[in-house]
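Step one of this worksheet: look at the structure below.
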Amino acid sequence: MRLQPKRVKYRKSQRGSLKGKASQGTKLNFGEYGLVAQQVGWITARQIEASRVTIVRAIGHQGRLWIRIFPDKAVTKKPLETRMGKGKGEPEFWVAPVKPGRIMFELGGVESGTAEKAFRLASHKLPLKTKVISSYGGLL
């Protein structure tokens, strides 16, 4: 599964700033457990996919997983050993900008121990600090 937009208005995007806390995607909307970012960062499409595979393997054939982030920002890179100038590089990969408080994954229909284990394994695939929350009251 290749996570990237089907179409974009502009091929190349600016880096932008990631200041402050997340204003959207901070509440559990689908499942009972969520994996929340505690740092600012870019999460690549490959990291999201690696986390998804890890969570699905950990929960087995039970429960349901929701991915709450999508990589819709193109990151460009110039080829190695290229001289300065000659414009911006070509899009290399796609990222999802994430701010603290953003829920990245949600799980439903599993026990708390299973959810915590799955999210702990998935957090090792991500480049930022995370915490697990529950709809039954705060942290797990």
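Since the structure is predicted, the reported quantities are computational estimates derived from the model, not experimental observations.
- A distance of 7.5 Å separates CD1 of Ile69 from OG of Ser51, quoted to the nearest 0.5 Å.
- Nearest approach of Ser134 to Leu28, heavy atoms of both residues: C-CD1, 3.8 Å.
- Other residues sharing the hydrophobic cluster of Val53, ordered by chain and number and joined by side-chain separations under 4.5 Å: none, the residue standing alone.
- No more than 12 heavy atoms of other residues, nucleotides or ligands sit less than 6.0 Å from atom CD of Gln14.
- Atoms CZ and OG1, on Phe119 and Thr54 in that order, are 12.0 Å from each other to the nearest 0.5 Å.
- Residues forming a side chain to side chain contact (heavy atoms under 4.5 Å, CB included) with Thr130 (at least two apart in sequence, or on another chain): Leu35, Met104, Ser123, Leu126, Leu128.
- For Phe70, the ring pair (Phe, Tyr, Trp, His ring centres under 6.0 Å) test picks out no residue, with sequence neighbours left out.
- Looking at Gln38, its side chain never comes within 3.5 Å of a backbone N or O of Pro100 through a donor-acceptor pair.
- Applying the salt bridge (Lys or Arg N to Asp or Glu O under 4.0 Å) rule to pairs touching residues 10-39 yields Arg11-Glu90, Lys12-Glu90, sequence neighbours excluded.
- With sequence neighbours excluded, no residue satisfies side chain to side chain donor-acceptor pair (under 3.5 Å) with Glu92.
- Clustering of Ile, Leu, Val, Met, Phe, Trp and Tyr side chains at separations under 4.5 Å places Phe30 together with Trp66.
- Of all heavy-atom pairs between Val110 and Gly63, the closest is CG1-CA, 3.8 Å.
- Neither Leu121 nor Phe105 shares a network with the other; the hydrophobic side chains, linked directly or stepwise wherever heavy atoms of I, L, V, M, F, W or Y lie under 4.5 Å apart, form separate groups for each.
- For Val95, the side chain to side chain contact (heavy atoms under 4.5 Å, CB included) partners two or more places apart in sequence, or in a different chain, are Trp42, Thr44, Lys73, Val75, Phe93.
- The shortest non-hydrogen separation linking Leu18 to Pro97 is CD2-CB, 3.7 Å.
- Ion pairing between Arg46 and Glu49 fails under the 4.0 Å rule for side-chain N and carboxylate O.
- Between Pro127 and Ile43, the shortest heavy-atom contact is CD-CG1, 4.4 Å.
- With values rounded to the nearest 0.5 angstrom, Arg52 atom CZ is found 11.0 Å from Ile48 atom CD1.
- Note: Tyr33 OH to Ser135 OG = 7.0 Å, rounded to the nearest 0.5 Å.
- Apart from Val8 itself, the hydrophobic cluster it occupies contains Trp94, where clustering links Ile, Leu, Val, Met, Phe, Trp and Tyr at side-chain heavy-atom distances under 4.5 Å.
- Heavy atoms from other residues, nucleotides or ligands lying under 6.0 Å from NZ of Lys78 number more than 12.
- The shortest side-chain heavy-atom distance between Lys129 and Gln39 falls under the 4.5 Å cut-off.
- Of the possible polar contacts, one joining the Ser13 side chain to the Ala74 backbone as a donor-acceptor pair under 3.5 Å is found.
- Among pairs with a residue in residues 96-111, those fulfilling salt bridge (Lys or Arg N to Asp or Glu O under 4.0 Å) read Arg68-Glu106, at least two apart in sequence or across chains.
- Taking the side chain to side chain contact (heavy atoms under 4.5 Å, CB included) definition, one finds that Val36 meets it with Ile103, Lys131, Ile133, sequence neighbours left out.
- Listed by chain and residue number, Ile55, Ala58, Ile59, Leu107 satisfy the side chain to side chain contact (heavy atoms under 4.5 Å, CB included) test with Ala118 (two or more places apart in sequence, or in another chain).
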